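Beneath this line is the structure, given in structure tokens, with notes to follow.
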Amino acid sequence: MDRIFLDNAATTPLDPEVLTAMTEVMAATYGNPSSIHAEGRKARSLIEAARKTVANALNCSIGEIFFTSGGTEANNMALKNAVRDLGVTRIVSSPLEHHCVLHSLDAIAATGAARIEMVAIDEKGHVDLNDLRRRVEETDEKTLVSLMHSNNEIGNLLPLQEVADLCAEYDVLFHCDTVQTMGYFPIDLDRTRVGFLSGSAHKFYGPKGVGFVYINSENIVKPYLDGGAQERNMRGGTENIYGIVGLAKALEKAVAEREAWASHLTDIKRYMMERLRATYPEVNFNGDPERSHYKVLSVSFPESPKGDLLLMNLDLAGISASGGSACSSGIDVGSHVVGHLHPDSKRHTIRFSFGHHNTREQVDYVVERLGGML
Ligand SMILES: Cc1ncc(COP(=O)(O)O)c(C=O)c1O
């Protein structure tokens with residue numbers, strides 16, 4: 001059997017149509033988008049068409065989309081610009097955010113420019129909305145709420161509209177890390193009031209190293225990268241044209257095929273839950289698999305001497321999964337998310353995350369092979 005890739009929350013393979021769109025541009029469009037001659041204008045028009053595609057997908061205006069090098073930069077930009085340019089002195093976030101948010105918050109706290117508060121998390125890993133309400137009600141201090149739409153490790157979903165409405169009610173800024181949900185769940189920014197959102201192409205079958213930040217036009221922020229006038233002065237540097245074209249193509253496809261993909265992935269996830277429960281009754285699931293992203297299943301295996309080798313043994317059997325999130329050092333250091341929810345647990349976590357190429361037969365194979373590894 002070919003390798004089975006069940007790590008689609010870490011990244012997704014490039015869609016062949018996206019690859020074609022990108023290579024066509026690579027072969028034919030070499031102009032610098034800032035040049036005013038024909039080659040430059042051609043490159044510029046591709047970037048602006050891509051921006052329109054992203055804006056249409058989110059129902060916002062093109063002036064609110066800024067291309068970046070990915071989700072990490074988009075989140076850094078939103079958080080740091082909000083503090084530097086919008087007078088934010090208090091950020092309410094959660095301990096379960098992605099490291100690019102948590103470490104940005106550490107960096108902000110270290111400058112003394114804003115203080116950081118963490119909202120309470122319930123036993124299933126959801127944000128405690130009553131605690132959030134208390135925190136946004138409690139002061140008139142300029143506050144930003146930063147909460148992710150779907151947790152990348154356990155998949156839990158934030159009720160985006162409810163949190164956006166709460167923030168709007170108290171005139172609090174809202175940043176939502178939507179890297180895991182972009183293209184997977186509909187987001188209508190005309191209806192849902194958000195200050196900042198982030199997206200990353202490689203999570204929805206686009207290329208790595210390109211993403212975008214949405215900044216609501218009411219939030220007037222200064223350049224994040226100083227340099228030329230690219231991205232309407234917000235981010236200097238010659239644009240990654242191929243990446244941007246690939247991002248737009250991938251997002252367009254994700255939106256067009258969303259319902260079919262969602263129902264396939266939902267089926268695969270349910271099937272794996274059923275098969276695991278039936279075969280290994282001592283297995284359970286981290287977070288709240290009933291209110292979580294249909295692409296993520298975080299499985300908790302009982303403590304066992306072989307447990308530490310589970311990920312490696314899966315890899316040797318041709319199955320790619322993850323111990324938590326994809327870790328930049330390549331070493332699995334355990335998950336801060338699962339660690340927060342179950343601090344004293346000696347159980348072993350494997351995150352399986354699904355893509356549209358996965359099948360029920362692959363799930364059968366994985367469940368069967370797990371037998372010798374537990
Ligand atoms: C929730 C979340 N935010 C941000 C990122 C960072 O995105 P990128 O890899 O494009 O920098 C990731 C990627 O793992 C993620 O899952």
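As a basis for the values below, the full set of heavy atoms in this structure was taken, side chains included, without hydrogen atoms, waters or symmetry mates. Just so you know, these numbers come straight off a predicted model, no measurement behind them. Order of appearance sets the numbers: ligands from 1, and atoms from 1 within every ligand.
Counting only N and O atoms by type, the side chains of Ser292 and Asn156 include no donor and acceptor under 3.5 Å apart. Residues Ser93 and Glu97 have side chains that never bring a donor and an acceptor to within less than 3.5 angstrom of each other. Side chains of Thr11 and His202: a donor-acceptor N/O pair is present below 3.5 angstrom, by distance only.
Only the side chain of Cys100 comes within 4.0 Å of ligand 1, judged by heavy-atom distances. The parts of Thr72 lying near ligand 1 are both backbone and side chain, judged by heavy-atom distances below 4.0 Å. Within the 4.0 Å heavy-atom criterion, neither part of Asn151 lies near ligand 1. Residue contacts with ligand 1, taken as heavy atom pairs separated by less than 4.0 Å, do not involve Lys208 at all.
For the pair Lys306 (side chain) and Gly372 (backbone), a donor-acceptor distance under 3.5 Å is present. With Asn8 contributing its side chain and Phe5 its backbone, the two residues share a donor-acceptor pair below 3.5 Å.
In summary, the atoms of ligand 1 found under 4.0 Å from a heavy atom of Met148, numbered by their order in the structure, are 1 (C). Close approach of ligand 1 to Ser200 (heavy-atom distance below 4.0 Å) involves ligand atoms 8 (P), 10 (O). When each atom of ligand 1 is checked for a heavy atom of Asn75 under 4.0 Å away, the hits are 3 (N), 4 (C).
In this structure, Glu97 falls outside the shell of residues with a heavy atom less than 4.0 angstrom from ligand 1. In this structure, His202 counts as a contact residue of ligand 1, since one of its heavy atoms falls inside 4.0 Å of the ligand. Look at Gly211 and you'll find every heavy atom at least 4.0 Å from all atoms of ligand 1.
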Test ring-ring contact (aromatic ring centres under 6.0 Å, His included) on Tyr271 and Phe354 and set out the steps. CA-CA 12 Å; Tyr271 185 64; Phe354 310 104; over 10 Å; no
